[in-house]
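Just so we're on the same page: letters track the sequence lines, and every chain starts at 1.
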There are 2 protein chains.
Amino acid sequence: MEMIDPDLQEGTGTSAGNTGVTAAIEAIGACPAVTDMMSRVGDKWSMQVVTKLGEQPRRFNELRRAVDGISQRMLTRTLRNLERDGLVSRKVTPSVPPRVDYALTPLGHSLWEPVTMLSRWVIDNRIEIESARAEYDAREQV
Amino acid sequence: MEMIDPDLQEGTGTSAGNTGVTAAIEAIGACPAVTDMMSRVGDKWSMQVVTKLGEQPRRFNELRRAVDGISQRMLTRTLRNLERDGLVSRKVTPSVPPRVDYALTPLGHSLWEPVTMLSRWVIDNRIEIESARAEYDAREQV
DNA sequence: CTGTATCCGTGGTGATACTG
DNA sequence: CAGTATCACCACGGATACAG
């Protein structure tokens, strides 16, 4: 997915899918919004940023130091996307030097919970996953 | 508060005195396995395939028809990845023509639940997300 | 301090053709 | 039927320099 980058062309607006209030599982793939958000959750930095902002609001460079390894460019892009999705708020204080405070919105906080469930699952099953991979690799190496 | 594996806090002891939930959240980024699986969840086809296999086991082309828009190549690749992670089982029947049955493993089924939570969150909040985007785009269009 | 602009490598994804 | 092989596109992400 990924949108709004000066380097790229204008992002395609997500069209409204059907009104399925059916089982959420069935909506994966049926509802564009689901796949769309999944890719946001799956991208490299978004959930790490959400995590750090979930602890407390932070300024730009504060956040940059908190999220290990993120570049300035990617932090900006990630924050813009999160802001666009309504997950993060951005408050500019036009001082010298400038000050910009980021925080999770209520919507952003609410995303916390299902994402936590997912990361819990990974943690609880990471051994099984890794051994499955090792087994597969050993099998295919032949 | 729930318990969590002690070795999750290794390396970056960001903040002590966390609950299990926040510890799990913090493990995003701290634990490579979490970021790794997130990208699997976030990729374009994996969860759609898991969804379809969650309904029932399927053969290759059956699955291909079930997952709208997926190419043969991507279905193969997606299935291989899922198989490697231990989420999907692959049973070959060497007949003519050949028959290959795919199904979710117990591990794959267990992933269902947190993923469902997440997709339900998206569905419940997709209106708010879309209006946030519309608002942002209108603001930035200037 | 908080960004933009520019360049570029890598990898995910798709189209098409071929194979056992 | 169930794949592989090959080619190509372009978005993601990183490095660096510049700007307000």
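In this structure, A/D68 atom CG and D/dG14 atom P are separated by 12 Å, rounded to whole Å. Between the CE atom of A/M74 and the C1' atom of C/dT10 there is a distance of 14 Å, rounded to whole Å. A straight line from CD of A/E83 to C1' of C/dT2 spans 14 Å, rounded to a whole angstrom. Here D/dC1 presents its C1' atom at 14 Å from CG of B/L79, a figure rounded to the nearest Å. At whole-Å resolution of the value, CD1 in B/I70 and C1' in C/dA15 are 14 Å apart. Rounded to an integer number of Å, the gap from B/D43 CG to C/dG11 C1' is 13 Å. Protein atom CD of A/E62 is 11 Å distant from nucleotide atom P of C/dC1, rounded to whole Å. One interatomic measurement links the two molecules: NZ of A/K91 to C1' of C/dT2, which rounds to 16 Å at whole-angstrom precision.
Between C/dT2, D/dG14, D/dC1, one nucleotide has an atom nearer to the side chain of A/F60 than all others, and that is C/dT2. Picking from C/dT13, D/dC1, C/dG3 the nucleotide with the shortest atom distance to the side chain of A/R90 gives C/dG3. Distance from the side chain of A/T76 is smallest to C/dT4 among D/dG3, C/dT4, C/dT2.
B/W112 and B/E55 make their closest contact through CZ2-N, 4.4 Å (heavy atoms, listed as atom of the first residue, atom of the second, distance).
Contact annotation: A/R77 does not reach the phosphate of C/dA5 (side-chain N/O to OP1 or OP2, under 4.0 Å). Listed pair B/R58 / D/dC1 fails the phosphate criterion, with no side-chain N or O lying under 4.0 Å from OP1 or OP2. Residue A/R73 places none of its side-chain N or O atoms closer than 4.0 Å to OP1 or OP2 of D/dA17. Residue B/Y102 places at least one side-chain N or O under 4.0 Å from the OP1 or OP2 atom of D/dG3.
Within the 3.5 Å criterion, the main-chain N or O of A/W45 finds no donor-acceptor partner in the side chain of A/T78. Formation of a donor-acceptor pair under 3.5 Å by the A/S119 side chain with backbone atoms of A/T116 is found in this model.
In this structure, B/R133 pairs ionically with A/D36, as a charged nitrogen and a carboxylate oxygen lie closer than 4.0 Å.
A/R64 comes within 4.0 angstrom of no nucleic acid atom, judged by non-hydrogen atoms across all strands. If you check every strand for non-hydrogen atoms under 4.0 Å, A/N61 touches a base.
For the pair A/Q72 and A/W45, both in contact range of DNA chain D, the more 5′-proximal nearest nucleotide belongs to A/W45.
In this structure the side chain of B/Y136 reaches within 4.5 angstrom of the side chain of A/R80, judged on heavy atoms.
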Practice item. Start with the C-alpha gap between A/R99 and A/D101, add the side-chain angles, then the distance that decides, and say whether salt bridge (Lys or Arg N to Asp or Glu O under 4.0 Å) holds. Key: CA-CA 7 Å; A/R99 175 195 180 98; A/D101 291 277; 2.9 Å; yes
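Side-chain contact of B/R58 with B/Y102: a donor-acceptor pair under 3.5 Å is absent, judged by distance alone.
Each end of the helix from C/dC1-D/dG20 to C/dG20-D/dC1 gets its own rotation axis from five pairs of C1' atoms, and the angle between them is 40° to the nearest 10 degrees.
With rounding to the nearest 0.5 angstrom, the CG atom of B/L75 is 7.5 Å from the CZ atom of B/R64.
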